[in-house]
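Before any comments, here is the structure.
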Amino acid sequence: MLSLNIAATTLALLWISILASFSLKRGQGHIKIQSEEEEVEVVKSFIVQEEPEQSNAVIFSEWYKLLEKDLETPIKIVYNPQWYRASEEYNKFKDFYRSKAVTLVKERNLDFQVERPIVHFDDPLLMPLLWNKGYNIKVVQGKSFADLLNEVNPFTLILLSVKDDGSQALNHKWQEKLADYGVQKLTREYLRSSYMNVIWKKGQREYISLYEDVSDKALSKEIKSGYKINDFVMPIHLEMKSAGYNSGNISSVKIGGEEYSPNLRGMNIVLYDLMESKVKSVHRVDTFVSIFEDNTIYCAYPEEEQM
């Protein structure tokens, strides 16, 4: 009997240590990101530790929109290391912000413990650091994944392909919202899985998913010109691939043999205008950490502040 008790105790301790180890590696909590119109809850997860993949293009347009407003108080902007990739545009932006009530600082030079400054930034990878420092975050300029889908013109093909992961930032509220736009199968259960979707925006509020799939294996789909799906005749030769982090880690959207996917982590979005017979725009939402597009501007403020 004594040996059985010792064995049971040892087994219990082993399970406790395994669970403790798991919680340290994957510790999650809930945090609220506020937009101008509503408050939305996203996952705060400590697994976001690896080196990021940023957009191919560094865009300062949202910063110009924000700084052209009459700012009530001076603001601090956290320098984004990706800006160095667009030196000419960055130099123009420096000349512009210096004429405003703006201070540009690097994250390592900020005192989040004592001074606790309010900061603006456009690098979503700062979010885990700021949450850990006791900060709230709100969106002040930019579009969400749902906004992008909502603003698409009728008679447009919305081509979605995930690289790495497309679901970590999608809580139940966002899943319900995206379902209205034809995104039905992607949920947080499919962390780092492959996902693709071909959506036909038929009318102002009519979204028809022509093909949608999610899997823990790599996905590949070819739809030839003239092929009929759900009363829709495909006018282009479309080839799509999606592979999650553990199944190839790639996104590809080819139209007529030409590649259009940014091939970046998260949701790669290609919008094809059926009326003009051309790709209208390309976007990326890093749904591993955020539900807002790359050039979104955030404001972080201490939890004890009221904003």
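Atoms considered below: every heavy atom in the structure, side chains included; atoms not considered: hydrogens, waters and symmetry mates.
Put simply, the side chain of Asp123 gets close to the backbone of Leu125: a donor and an acceptor are under 3.5 Å apart. Although no hydrogens or angles enter the test, the distance criterion places a donor-acceptor pair under 3.5 Å between the side chain of Glu212 and the main chain of Gln184. Remark: the backbone N or O of Asp147 is not paired with any side-chain donor or acceptor of Asn150 at under 3.5 angstrom. Although no hydrogens or angles enter the test, the distance criterion places a donor-acceptor pair under 3.5 Å between the side chain of Asn197 and the main chain of Gly182. Of the possible donor and acceptor atoms, none in the side chain of Lys163 sits under 3.5 Å from a partner among the backbone N and O of Gly248. Put simply, the side chain of Arg188 gets close to the backbone of Gln168: a donor and an acceptor are under 3.5 Å apart. Of the possible polar contacts, one joining the Gln175 side chain to the Leu170 backbone as a donor-acceptor pair under 3.5 Å is found. Panel note: side chain Arg284, backbone Arg265; a donor-acceptor pair is recorded below 3.5 Å.
Minimum interatomic distance between Ser194 and Ala243 (heavy atoms only, all atoms of both residues): OG-CA, 3.2 Å. Nearest heavy-atom pair across Gly166 and Leu186 is O-CD2, 3.2 Å. Of all the heavy atoms in Glu303 and Arg116, the pair that sits closest is N-NH2, 4.1 Å. Taking both residues in full, the closest heavy atoms of Tyr190 and Lys185 are given as CE1-O, 3.6 Å, listed atom of the first, atom of the second, then distance. Closest heavy-atom contact between Ala300 and Ile137: CB-CG1, 4.3 Å. A pairwise comparison of heavy atoms in Leu110 and Lys76 identifies CD2-CD, 4.5 Å as the closest pair.
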Problem set entry | Trace of the ring pair (Phe, Tyr, Trp, His ring centres under 6.0 Å) decision for Tyr135 with Phe112 | CA-CA 9 Å; Tyr135 272 68; Phe112 293 113; 5.4 Å; yes
Exercise. Checking side chain to side chain contact (heavy atoms under 4.5 Å, CB included) for the pair Met240/Ser242: CA distance, chi angles, key distance, verdict?
Worked result: CA-CA 7 Å; Met240 294 179 63; Ser242 170; over 6 Å; no
Problem set entry | Verdict with reasoning, Glu239 to Ser252, per side chain to side chain donor-acceptor pair (under 3.5 Å) | CA-CA 8 Å; Glu239 299 169 274; Ser252 175; over 6 Å; no
For this session: Could you walk me through whether Ile158 and Leu148 pass side chain to side chain contact (heavy atoms under 4.5 Å, CB included), step by step?
Result: CA-CA 10 Å; Ile158 303 169; Leu148 289 172; over 6 Å; no
For this session: Go through the steps to decide whether Lys106 and Val78 satisfy the test side chain to side chain contact (heavy atoms under 4.5 Å, CB included), and finish with yes or no.
Result: CA-CA 6 Å; Lys106 292 186 177 181; Val78 182; over 6 Å; no
For this session: Evaluate the criterion side chain to side chain contact (heavy atoms under 4.5 Å, CB included) for residue pair His120 and Trp63; output intermediate values, then yes/no.
Result: CA-CA 10 Å; His120 288 68; Trp63 284 113; 3.9 Å; yes
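Between Cys299 atom SG and Ile77 atom CD1 the span is 11.0 Å, to the nearest 0.5 Å. To the nearest 0.5 Å, the span separating OG1 on Thr287 from CG on Leu178 amounts to 9.5 Å. Taken from CD in Glu304 to CG in Asn136, the straight-line distance is 9.0 Å, to the nearest 0.5 Å. The CG atom of Asn109 sits 8.5 Å away from atom CD of Glu107, with the distance rounded to the nearest 0.5 Å. One distance of note links CG of Leu66 with CZ of Phe60; it measures 14.0 Å at 0.5 Å rounding. Going from atom CD1 of Ile291 over to atom CZ of Phe145 covers 10.5 Å, rounded to the nearest 0.5 Å.
Classified by interplanar angle (parallel below 30°, tilted 30° to 60°, perpendicular above 60°), the ring pair Tyr181/Tyr207 is perpendicular.
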Atom pairs and distances, side-chain donor-acceptor, residues 215-225, under 3.5 Å, sequence neighbours left out:
from, atom 1, to, atom 2, distance (Å)
Ser215, OG, Lys217, N, 2.9
Glu222, OE2, His237, NE2, 2.6

Enumerate donor-acceptor pairs with a distance under 3.5 Å from any side-chain N or O in residues 266-276 to protein atoms, sequence neighbours excluded.
from, atom 1, to, atom 2, distance (Å)
Asn268, OD1, Asn263, N, 3.0
Asn268, OD1, Leu264, N, 3.0
Asn268, ND2, Ser161, O, 3.2
Asn268, ND2, Ser251, OG, 3.4
Asn268, ND2, Leu264, O, 2.9
Asn268, ND2, Gly266, O, 3.4
Tyr272, OH, Ser277, O, 3.4
Asp273, OD1, Met275, N, 2.8
Asp273, OD1, Glu276, N, 2.9
Glu276, OE1, Lys278, NZ, 3.4
Glu276, OE1, Lys280, NZ, 3.0
Glu276, OE2, Lys280, NZ, 2.9

Pairs of donor and acceptor atoms involving the side chains of residues 91-102, under 3.5 Å and at least two apart or interchain, shall be tabulated with distances.
from, atom 1, to, atom 2, distance (Å)
Asn91, ND2, Ser87, O, 3.1
Ser99, OG, Phe96, O, 2.5

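Checking Glu62 against Thr296 by side-chain atom types alone, no donor-acceptor pair falls below 3.5 Å. Checked by atom type, the side-chain pair Ser167/Tyr195 shows no donor-acceptor distance below 3.5 Å.
When side chains are defined from C-beta on, Asn295 does not count as touching Asp122, because their heavy atoms never get closer than 4.5 Å.
A single hydrophobic cluster is not seen to contain both Ile199 and Val279; linkage of ILVMFWY side chains at heavy-atom distances under 4.5 Å, directly or through other members, places them apart. Hydrophobic clustering of Ile, Leu, Val, Met, Phe, Trp and Tyr side chains at less than 4.5 Å, counting indirect connections, unites Phe292 with Leu149. Under the 4.5 Å side-chain contact rule for hydrophobic residues, Tyr84 and Tyr90 share a cluster. In the hydrophobic clustering of this structure, Val152 does not group with Tyr260; members are Ile, Leu, Val, Met, Phe, Trp, Tyr whose side-chain heavy atoms approach within less than 4.5 Å, directly or through other members. In this structure, Ile208 is a member of the same hydrophobic cluster as Leu238, with clusters built from ILVMFWY side-chain heavy atoms closer than 4.5 Å.
Other residues, nucleotides and ligands contribute only 12 or fewer heavy atoms inside 6.0 Å of the CZ atom of Phe155. The environment of NZ in Lys201 is crowded: more than 12 heavy-atom neighbours from other residues, nucleotides or ligands sit within 6.0 Å.
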